[in-house]
Amino acid sequence: MTEISRYARDMADRVEAFVREKVVPFESDPRRDHHGAPTDELLMDLRAMAREAGVLTPHIKADGSHLTQRETAVVLIRSGLSPLGPLACNTMAPDEGNMYLIGHVGSPALKERFLKPLVEGRGRSAFFMTEPAEWGGAGSDPSMMKTTCRRDGDHWVINGRKTFITGAQGAMVGIVMAASAEEDTKGGACMFLVDLPDDAIRIDEVPDTIDSSMPGGHATLTIDNLRVPASQMLGSPGEGFKYAQVRLSPARLSHCMRWLGTCMRAHEIASDYACRRHAFGKQLIEHEGVGFMLAENEILIKQCELMIDWCAGVLDTGSLGTVESSMAKVSVSEALMKIADNCVQVMGGTGVTERTIVEQAFREVRAFRIYDGPTEVHKWSLAKKIRRDWRKAQEAKAQTGAQTESQPA
């Protein structure tokens, strides 16, 4: 397993100090849109502070190289100690995953034009994949994608609809996925880098959602004859789903990292409350019902740390880590839901108010159980693997004439 460098550990310490000392005071800043999300004005003020503190985009070094996944974990967990931390440090979703994808697949020209401003924190990005359910489009099943792209000279023309596109409103860079209508691509998907805003992309709605940490919300939009130069295709025609796999596992895991940091902070707040608050003649924490919930949180936090580190180590070997990231996403998201719920419960009435981030942590983690694949989809995928492995084992035994354990001799 790869070692975590002194550089990464020092950077993580600097990120934590910055978030706790500089970012936390802005949690009550009123600069929020009508959906409750931080405005871009607040975002840029925070990033200016991060730039000055030397912790902007801390997971990417000055030479453009990325930290390992294990190193990224120690940094991103610390950035998540405030819901505003990832925004300030430029480790937020979907930008962190988009930067990773462009860095691994993009040509030098595309990196200079689209990746550089994102790494420098000069704007936000969006990943256009999910489509409206009422349209019969792609959600957890990407093979259902109905947005299409076709060649037109030295351009591609894209038409379709997208929904729950995080940060689309106000973004400067977009990665658009579309199913190719060209025969030589065999119906495969294509990815395109586009400048935003574009008149051909119309935002129809930005719904109110249970979470409120991401600028721009989660837009539903229509793509009407969007013309993109062929030079802005990310990778090769028809290979979009393959490239999506490059982004998928690391982005899925980095969600676990950031929200673990948020829940660790929520646990700190709830623990402090339980030690200060008295009821029925003693501190709340002395009542087993309360103390046991906080003890359970400690156990779950450690389990999350270990699960993230294990999956990150697998990714660092060069593996796509599809199975491992599914396991981590299920394990961590469900554990964080329990941690956040315990924190709310321990704090009683105060826990459901906006006086602390505990209430927000609960809302954000509830949404996290759905995006990047709901728990049930990941479990279904893992069950399919169990079945595949069983079939292979049966075939191997049939070739040798061996009996299965469940069969009598």
Side-chain angles (χ1 to χ4, degrees), residues 1-24 46-106 108 111-112 115-122 125 246-247 249-265 301-302 304-321 324-325 328 332:
M1 184 173 285
T2 57
E3 293 296 323
I4 298 176
S5 65
R6 172 49 56 189
Y7 173 90
R9 294 188 186 279
D10 288 345
M11 179 58 74
D13 289 341
R14 292 172 60 191
V15 167
E16 177 171 358
F18 171 73
V19 171
R20 290 188 183 276
E21 297 169 12
K22 302 295 184 180
V23 176
V24 167
L46 291 170
R47 287 191 179 174
M49 294 165 51
R51 189 176 290 111
E52 182 178 355
V55 294
L56 186 70
T57 324
H59 56 292
I60 300 178
K61 296 182 180 180
D63 63 2
S65 62
H66 283 247
L67 298 182
T68 67
Q69 286 297 306
R70 292 189 70 220
E71 291 174 331
T72 298
V74 300
V75 172
L76 263 62
I77 289 172
R78 309 287 188 90
S79 74
L81 288 169
S82 167
L84 292 175
L87 281 65
C89 295
N90 201 24
T91 61
M92 61 187 276
D95 299 73
E96 183 266 336
N98 290 344
M99 286 187 277
Y100 185 90
L101 176 61
I102 299 171
H104 281 72
V105 179
K111 290 178 184 178
E112 178 66 23
L115 178 59
K116 185 177 179 181
L118 295 180
V119 172
E120 293 175 351
R122 291 190 273 120
S125 64
V246 173
R247 181 188 187 277
S249 293
R252 186 182 289 159
L253 190 62
S254 61
H255 272 308
C256 296
M257 300 170 190
R258 289 183 293 263
W259 294 125
L260 172 57
T262 301
C263 285
M264 290 169 70
R265 171 101 178 289
I301 286 170
K302 180 54 66 177
C304 290
E305 290 176 336
L306 294 173
M307 199 73 176
I308 290 170
D309 186 65
W310 164 71
C311 182
V314 171
L315 295 178
D316 283 339
T317 68
S319 168
L320 286 177
E324 293 83 359
S325 65
V332 173

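A quick note: this is a predicted structure, and the numbers were derived from the prediction, not measured. Note that these values count all heavy atoms, side chains included, but never hydrogens, waters or copies made by symmetry.
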- Item | Min side-chain heavy-atom separation H59-Y100 under 4.5 Å | no
- Task: Identify which one of L320, T72, L253 satisfies the side chain to side chain contact (heavy atoms under 4.5 Å, CB included) criterion when paired with L315.
- Result: L253
- N/O donor-acceptor pair under 3.5 Å between R14 side chain and A53 backbone: yes
- Query: Given side chains that start at C-beta, do those of K61 and M11 come closer than 4.5 Å, heavy atoms only?
  - Reply: no
- Item | Residue pairs, two or more places apart or on separate chains, that pass salt bridge (Lys or Arg N to Asp or Glu O under 4.0 Å) and touch residues 75-86 | D13-R78, E16-R78
- Query: Sub-3.5 Å donor-acceptor pair from the side chain of T262 to the main-chain atoms of G80, do we have one?
  - Reply: yes
- Item | Minimal non-hydrogen separation, H255 against A93, with atom names | CE1-CB, 3.3 Å
- Message: Quick check for you: to the nearest 0.5 Å, what is the distance between E71 atom CD and R6 atom CZ?
- Response: 11.5 Å
- Out of curiosity, C263 SG to I77 CD1, how far, rounded to the nearest 0.5 Å? 11.5 Å
- Message: Please check this pair: side chain of K111 against backbone of I102, looking for a donor-acceptor N/O pair closer than 3.5 Å.
- Response: no
- Query: With a 4.5 Å limit on heavy-atom distance, are the side chains of V314 and W310 in contact?
  - Reply: yes
- In short, G121 meets R47 closest at the heavy-atom pair O-NH1, 3.4 Å
- N/O donor-acceptor pair under 3.5 Å between R258 side chain and P86 backbone: no
- Message: Does R70 form a side chain to side chain contact (heavy atoms under 4.5 Å, CB included) with V74? I'd like the steps, not just the answer.
- Response: CA-CA 7 Å; R70 292 189 70 220; V74 300; over 6 Å; no
- In short, V15 meets C89 closest at the heavy-atom pair CG1-SG, 4.1 Å
- C304 SG to I308 CD1 distance, which is reported to the nearest 0.5 Å: 6.0 Å
- Could you tell me which non-hydrogen atom of L76 sits nearest to which non-hydrogen atom of S254, and how far apart they are? CD2-CB, 3.6 Å
- side chain to side chain contact (heavy atoms under 4.5 Å, CB included) between W259 and V332, worked out: CA-CA 9 Å; W259 294 125; V332 173; over 6 Å; no
- Message: More than 12 heavy atoms of other residues, nucleotides or ligands under 6.0 Å from CD of E120: yes or no?
- Response: yes
- Query: CG of N90 to CG of L118: how many Å apart, nearest 0.5 Å?
  - Reply: 7.5 Å
- Task: Calculate, to the nearest 0.5 Å, the distance between atoms CE and CG belonging to M92 and N98 respectively.
- Result: 10.0 Å
- Task: Enter the distance from L46:CG to K22:NZ here, rounded to the nearest 0.5 Å.
- Result: 12.0 Å
- Item | P94 to R247 - nearest heavy-atom pair and separation | O-NH2, 3.3 Å
- Query: At their closest point, which heavy atom of A73 faces which heavy atom of M257, and how far apart are they?
  - Reply: CA-SD, 3.4 Å
- Query: What's the verdict on side chain to side chain contact (heavy atoms under 4.5 Å, CB included) for T57 and M99, showing C-alpha distance, side-chain angles and the deciding distance?
  - Reply: CA-CA 10 Å; T57 324; M99 286 187 277; 4.3 Å; yes
